[in-house]
Structures are given as structure tokens and as C-alpha cells.
Amino acid sequence: MSEEQNKSLNFVEQEIETDIANDRYPKHIHTRFPPEPNGFLHIGHATAICLNFAIAKKYNGKTNLRFDDTNPTTEKTDYVDAIKRDIAWLGFKWDNELYASDYFDTLYEYAVDLIKKGLAYVDDSTSEEIAEMKGTPTVPGKDSPYRERSIEENLDLFSRMKAGEFPDGSRTLRAKIDMQSDNMLMRDPLIYRIKHEHHHRTGDKWCLYPMYDFAHGQSDSLEKITHSLCSLEFIHHRPVYEWFIEKLEIFPSRQIEFARRNVAYMITSKRKLLKLVEDGVVTGWDDPRMSTISGLRRKGYPPAAIVKFCDSIGVAKRENVVELEMLESFVRAELNKIANRIMIVSDPIKVTITNYPEGESEMLPAINNPEEENSGSHEIPFSKEIFIERSDFMLDPPKKYFRLAPNKTVRLKYAYIIEAESYEQDENGNIIEVKCKYYPSSKSGSDNSGIKVKGVIHWVDAKAGVPVRLNEYDKLFTDPTPTSHEGKDYLEFVNPDSLIINNKALAEPYIKEAKPLDYFQSMRKAYYTVDQESTDDLIILNKTVGLKDSFKKKQQK
RNA sequence: UGACCCAUAGUGUAAUGGUAACACUACGGUUUUUGGUACCGUCAUUCUAGGUUCGAGUCCUAGUGGGUCAACCA
């Protein structure tokens, strides 16, 4: 706790502490996370979720989960369920599960109240006419011809709108604010529109639905939310938010805007993510290449890594693109602590140990995770024929190549030191087998051979090895900000190699104990998690993130 | 011809008028039965110009650059 207190405050916390010091909210601090159930949550939402829950925790407050479901056209219960699952998976417990639609009756009364105060009117203009009268950012708007309707007429028309007497789009209810305002949103914003549409929760009760501006702030107020955190694009809505609170004389929630977090190579537009799903670019919202929470989960990102990442990148008001490497470093750090080590040969070549007795085998102990004392161990079978990684044997190696080569020695992890004596090639010159001798006295744990080797490689026993399918995922886009190029569609930047399926990999038998979402480190290679579509016959592993590879880096230079 | 928001290493954040810090990246090194991990080191005229002040990244003014605003979406 003291560590937390020493940390400097972000600008939102500074505002909150000022409010507390000024006794603005003497009773409590409450936040809320308000998703619209029209898509899956993505990495951008994760930062908002973490922010809202972290602030409530810090100030002993509460956080509501409130679905902003005022537009029945796009919203679905399926999305509600997915959103709840994702937030819970991240490890957060909301205090109340609420819906803007819970407040439809109250909101309607609020609208009637506004009409009675002469602050709202029914407008018969078409959407084109309304847009026309709205003006532009540099040209003031004009008053609607319906703006001065009598309170009685407004009340009558509004109740008939509710009764379903008018078709979609024929009339709207608008707040009477100021058509001359510099702020477009203050130019008599629409607050109710007619939509004869089935709502996922209220069914066919309503044919009249409130707009965002007449639902969000009021919902905040009804829930006694003190600090309503939203992204920068809503900054122009704040005067509207405050106007309604003042005129309705309701609890004064405070809106604070922050810059939403962007991560390189990830997109955070629900509409664009939906298109990837609909066009079949990915297999679904939870495809491991997606920037959705569900996708990241399936890819093997631990929840703690995502939360720590969100906490560490902070919050501010300027445009930002966080490098993917930052997120990945948190994923590696977390996985390093919790992922059991396993040996998987992704591109096998056969190695025959010429002096190892025919028909014999032995079990060698392997530590599950050297970074975690209590992780235990398991055994790995070893015998005369094994497979090693193709890239771990070179005919004509460069100077600082520490692996196997003709007449060179290398250690087999957890096993023996071997020396390459000969090899066989096919007609194309590909290595098909390496013959080695082993040093029986070099056995791991009881090595008295006196041989010093620079390299240690992984391997899998030929007979006991288990075929696995490796889904080698890479970035979905070839550009860090695919949606920011004028005149170019983001789909032009889809990486054709974002998934490479490897069906020739072999894993040690320990993999058979794995369950979906178990994390593994394929030693010297990458982290993987078990895919949900794995069966008893075929284990499918999704690549989470590669291990750092300083050798490869040097070679590339 | 408008209003509003923003500007600190390659990236993201901190410094709350008093020695520009932390993380990631990059580069160099030490350790290592994972070329992983761990550890050490290197990397900034705080957008520009004025002003206030003993002292400015921080306050003021102007400029420059970037972003947002004209859905019966949220």
C-alpha cells in the first residue's frame, strides 16, 4: 500500500483528489464502465476498465458495469455475455450490473420535465433538414420552425410518439439550447428518436429511444457516479452533459476525458473489427490475431499481463501509440513466472545416437519451471533415435554458432553431450539424418566427462514424441497504424502471413497432460497456449509470443 | 472566418516553480545446462519565440505542429 501511495498521481487522480479536498463529493467516489453491447471488448477497453476499477479501489469506491443499450438496432445479448466474461477474466468484479435501458421510464419522465420547463420540443423536420439547419463548425445554425411550439402541443406530440402513432424518423425530441453555439453539440441536440424496433431487454415496450446525450449522463447521475471517465472525443459533449444535469436538477456527476490508448498493429474500432469477422479475414471475434480481450486470451496472454500493461502505460490527454513490444514484454514477464517449460521440435531432423544401446530407453528428469521453485518436475524419455531442430544443425556454421555441426559437440538439454560424426542428405541436399555419438559420462546432473560445451539444444524422443499442431501467429497487420492512412483502406495492410500452421512439430509426451488455456514455454522458442479446439487426437498450440532471440538479431546485422 | 484539446528520449508515462526520472525498444557487457531469465552500462538543447521569477519542462502571451467537432451511433 505504501508503495502505491508513493506513486505519482495521474491527471485523473489529481482531479479526484482536488474534488475530495474541495468536498465536492463528500460521501463517496464511484466510477463506471459503460460498454455498448454491440461488439467484443478490445485492448482499448481494457485500459478503460483497468482505469475505472483502479480508481474506485484506490479511493474505496465502487465501479458499476453499465451497458449503454440505447440503440436496439445493433445491440445483442450475446455481446452482453461476452463482455461480462471478458471483464471477469481480467479479474475485475463490478459492484452492480446495470443497463441504460433500466432507466427508460425515468428518462422519459426527465424528457417530459424538460418539455414542461420549455427546454425541449418536438421537431417534425427530416434528418436532412435538421442537418441543414445545424450549420457547420464555422457557420452558426438556424432555429427550427418547430422550436417555438407550445408546451401543450409538445407534451401531446411526445406522448403520441411514445404511443407509436408516428413512423420512424418522422419526429424527434430536441433540447432547446442554442443554435448559435460554437459547439455543434449544443445546437439543439436530438434527445429522442422513433425506432419501432425490438430491444434486447425491453422487448417491444418502446418505439422511442433516447440518444447517448440523453442517457449517459442521466444514467451516471442516477447511479451517483462521481467521476465519469470517457475518451477525448466526448469532450465536446461535456457542456451538454452538464446542461442536462443542471436543468434536470439531478446528481452532478463529473465527466473527465482521457486519451484512449492505442497499441501499434492493433485496431480498436468495433466496426472495423466486426468487418474482419464478417469478411472472414479472421475466424471470429476470439481469433488469436484479434485485438479483442477474447482474442488475446485465446492467444495465451495472461490476464495479469494485460492489467499490468494497462496500469504501467498510464493515462493522459495526448494522442498516443504504445509500441507492441511494451505489451509483449509484460506478457513474457508474466509467462516466465507461470509457464511450464517443455521441449517442442518445430522442424525436426532425425538424430541417431550410434553408440546408444539398441532398444533401450531411459527417463530423464526435467524441471517444470526454473523460475518457480514449487513448480515441480516431470520426466522425459530418451533413446537411440531422437529429433532435433533443423536450425540446430549446420554443415558450415558461422563463427559464433554454438549448436551442432560436423565434429562439433552440443548438449542435449537434460540429457547428454553428443558429437556429430556423419550425416545423410537427400537428392536436393537437405539433411535427413545426423549420426552422433554420445558421452555416457556427460549425463545431466552427474556430468564428470570434463567436456565443455557452449550450446544446449532441445530435442524430442523419436518413438515417444507427440505430433502437435502449432499455430504460428504473427501481427495481423503489416503497418503499426493501419487505419491512419488517408486514401488507403486498413484491409490493404492485412498480413498474409499472420497465421502459419505447422503440422510437423513434435512435442515431448508431457504435453498430453495439457488442458485448454494452459501456458507453456517451448524452450528456446516461444510461449504457447493450448487452443480450445484441441482434441485427444490432436493437440493444437497457439503461439503467444516468441522468446527474445539475441542470436538471430546478431545474424540479421 | 470558428470553438475546443494536446505538445518531455525511438515509444509510453513522471517530475505539482528548485539536479529532467521510470518502463519498453535499441546498442554494448556479465551470468547461465533455454543464444531465454537475471544483472550492469550507453542513449534528451523538455516544439519555437518572447515574458514573469533569484530560479521555468512546469506560470503568462504569441506562433508552429498535431488532434477533435457538422450520425435520428455511442
Side-chain angles (χ1 to χ4, degrees), chain A residues 7-10 14 34-36 38 68-71 73-75 100 123 126-127 130-132 134-141 168-174 181-185 187 190-195 209 211-213 215-216 230-239 257 259 261-264 270-271 309 312-330 332-333 336-337 341 343 370-371 400-403 411-415 417 442 444-445 447 453-458 480 521-526 546-555 557:
Chain A
K7 262 172 70 179
S8 57
L9 303 177
N10 63 47
Q14 287 173 27
E36 184 189 9
N38 66 345
D68 229 333
D69 56 351
T70 57
N71 182 6
T73 312
T74 54
E75 295 155 3
D123 196 329
T126 64
S127 66
I130 288 174
E132 175 65 31
K134 214 153 221 186
T136 72
T138 53
V139 178
D168 289 4
S170 60
R171 284 184 165 85
T172 56
L173 186 70
R174 300 179 70 179
S181 174
D182 284 324
N183 182 344
M184 296 290 295
L185 291 156
R187 321 242 264 229
L190 271 59
I191 59 180
Y192 265 98
R193 79 284 216 188
I194 300 171
K195 266 181 190 263
Y209 293 95
M211 300 288 288
Y212 168 85
D213 281 319
H216 200 101
C230 62
S231 53
L232 239 35
E233 59 199 290
F234 290 97
I235 197 158
H236 303 291
H237 291 254
R238 194 168 70 223
E257 311 84 14
R261 323 305 309 191
N262 300 292
V263 180
K270 278 193 276 189
R271 194 180 57 76
F309 166 76
S312 80
I313 58 177
V315 58
K317 295 181 80 162
R318 57 172 162 166
E319 294 293 311
N320 61 82
V321 182
V322 184
E323 289 171 337
L324 215 212
E325 288 77 6
M326 180 86 171
L327 211 201
E328 289 184 334
S329 79
F330 279 91
R332 288 196 193 94
N336 184 46
K337 290 188 295 185
R341 272 53 171 178
M343 295 202 282
E371 302 294 325
K400 292 200 169 170
Y401 185 81
F402 303 145
R403 312 173 198 175
R411 171 170 293 281
L412 297 172
K413 179 75 181 173
Y414 292 128
I417 292 171
S442 67
S444 281
D447 183 1
V453 291
K454 262 299 219 185
V456 178
I457 63 172
H458 61 282
Q521 184 200 90
S522 168
M523 273 197 289
R524 304 208 300 134
K525 287 291 185 180
L547 256 36
K548 283 194 189 167
D549 191 345
S550 56
F551 176 74
K552 189 176 167 191
K553 239 179 224 171
K554 266 184 199 165
Q555 293 301 297
K557 284 198 304 178

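Every chain is numbered from 1 and lettered A, B, ... according to where its sequence line falls, protein lines coming before strand lines. Bear in mind that the values here come from a model prediction, so they are computed numbers and not experimental data.
Side chain A:Arg411 to base B:U33: a donor-acceptor pair is found below 3.5 Å. In this model, a side-chain donor or acceptor of A:His236 finds a partner on the base of B:U68 within 3.5 Å. Counting atom types as modelled, A:Thr138 pairs no side-chain N or O with a base atom of B:U1 as donor and acceptor under 3.5 Å. Under 3.5 Å, the side chain of A:Arg332 and the base of B:G36 form no donor-acceptor pair of N or O atoms. Side chain A:Glu233 to base B:G67: no donor-acceptor pair is found below 3.5 Å.
Looking at heavy-atom distances under 4.0 Å, A:Gln14 makes contact with a base. Among the heavy atoms of the strands lying under 4.0 Å from A:Ser127 is at least one base atom, whether or not backbone atoms are also near. Residue contacts shown for A:Arg341 include a base, since a base heavy atom lies under 4.0 Å away. Within the 4.0 angstrom heavy-atom criterion, only backbone atoms of the sugar-phosphate kind lie near A:Ile235; the bases stay farther away. A:Glu36 comes within contact range of the sugar-phosphate backbone alone, with a heavy-atom separation under 4.0 Å but no base atom that close. Within 4.0 Å (heavy atoms only), A:Gly445 reaches at least one base atom of the nucleic acid. Note on A:Val315: only backbone sugar-phosphate atoms sit closer than 4.0 angstrom, heavy atoms only; bases stay farther off. Among the protein residues, A:Met343 comes within range of no part of the nucleic acid, since none of its heavy atoms lies under 4.0 Å from any strand. Using a 4.0 Å heavy-atom distance criterion, A:Pro35 is classed as making no nucleic acid contact. As judged by a 4.0 angstrom heavy-atom cut-off over every strand, A:Asp68 is placed among residues touching the sugar-phosphate backbone only. Within 4.0 Å of A:Gln521, counting heavy atoms only, lies at least one base atom of the nucleic acid. Nucleic acid contact class of A:Phe234 (heavy atoms, under 4.0 Å, all strands): base. Residue-level contact check: A:Val321 touches the backbone only, with heavy atoms under 4.0 Å from sugar-phosphate atoms and none from bases. Within the 4.0 angstrom heavy-atom criterion, base atoms lie near A:Tyr401.
Proximity of A:Arg261 to the phosphate of B:U13: a side-chain N or O atom is located under 4.0 Å from OP1 or OP2. Within the 4.0 Å cut-off from OP1 or OP2 of B:C73, at least one side-chain nitrogen or oxygen of A:Lys195 is found. Regarding contacts with the backbone of B:C73, a side-chain N or O of A:Arg193 is found under 4.0 angstrom from either OP1 or OP2. Contact check, A:Lys270 against B:C73: no side-chain N or O comes under 4.0 Å of OP1 or OP2.
Picking from B:A14, B:A74, B:G12 the nucleotide with the shortest atom distance to the side chain of A:Thr70 gives B:A74.
Stem regions for RNA chain B, each three or more consecutive Watson-Crick or G-U pairs with both distances under 3.5 Å and listed by first number, read B:2-7 with B:64-69, B:10-13 with B:21-24, B:26-30 with B:38-42, B:47-51 with B:59-63.
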Can you give one letter per nucleotide of nucleotides 18-24 of chain B, going 5' to 3': B for a protein heavy atom under 4.0 Å from the base, S for sugar-phosphate only, - for none? -----SB

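Between A:Asn71 and A:Arg524, the residue anchored closer to the 5' end of RNA chain B is A:Arg524, taking for each the nucleotide with the nearest heavy atom.
For the P atoms, the distance from B:U1 to B:U19 is 44 Å, rounded to whole Å.
At least one cation-pi condition fails for A:Arg261 and A:Phe309: the charged atom is not both under 6.0 angstrom from the six-membered ring centre and inside a 45 degree cone around its axis.
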Would you please test A:Phe234 and A:His216 for ring pair (Phe, Tyr, Trp, His ring centres under 6.0 Å) and show each step? CA-CA 11 Å; A:Phe234 290 97; A:His216 200 101; 7.2 Å; no

